[in-house]
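Scroll down for the structure; my scribbles are underneath it.
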Amino acid sequence: MPWQHKIRYLIGQPVGISLSNGQGTSGILCNASGGKVFVIEYLYQSQFALKQYDYRMIQDINEFPPCQNQQPLY
């Protein structure tokens, strides 16, 4: 399914984004409007940035898979 069809279900979810230039990024998908997607990305320490990507730059967007092993760490 093309990413444009599933994007409305991914708002508020952690996603991985494949860009057309071969790079990628990940974060929380905040919004999609005006031909852009808005993603909160982690920078470092306690800093985050809201970044925007034009639809033309995006090859695919996928939801993060669930954790396979959810045993507590002690």
| Can you tell me if Ser18 uses its side chain to pair, donor with acceptor, with the backbone of Gly24 under 3.5 Å? |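 It does not hold such a pair.
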
Would you say the side chain of Glu63 lies within less than 4.5 Å of the side chain of Leu29, judging by non-hydrogen atoms?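 In short, these two side chains do not touch, never coming nearer than 4.5 Å.
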
How far apart are the closest heavy atoms of [X] and [Y], and which atoms are they?
X     : Y     : result
Ser26 : Glu41 : O-CG, 3.6 Å
Ala49 : Leu43 : CB-CD1, 3.8 Å
Phe38 : Gln52 : CE2-OE1, 3.1 Å
Cys30 : Ile40 : SG-CG1, 3.3 Å
Val39 : Tyr53 : CG2-CD1, 4.4 Å
Ser33 : Tyr55 : N-OH, 4.4 Å

(Q) Can you tell me which residue among Ile11, Ile7, Asn31 is in a side-chain contact (heavy atoms from CB on, under 4.5 Å) with Val37? (A)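 Answer to the side-chain contact (heavy atoms from CB on, under 4.5 Å) test with Val37 among Ile11, Ile7, Asn31: Ile7.
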
State the [atom1]-[atom2] distance between [X] and [Y], to the nearest 0.5 angstrom.
X     : Y     : atom1 : atom2 : answer
Gln13 : Asn62 : CD    : CG    : 13.0 Å
Thr25 : Ile61 : OG1   : CD1   : 11.0 Å
Leu19 : Asp54 : CG    : CG    : 11.0 Å

Are Ile17 and Leu10 co-members of a hydrophobic cluster defined by side-chain heavy atoms under 4.5 Å apart?
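Yes.
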
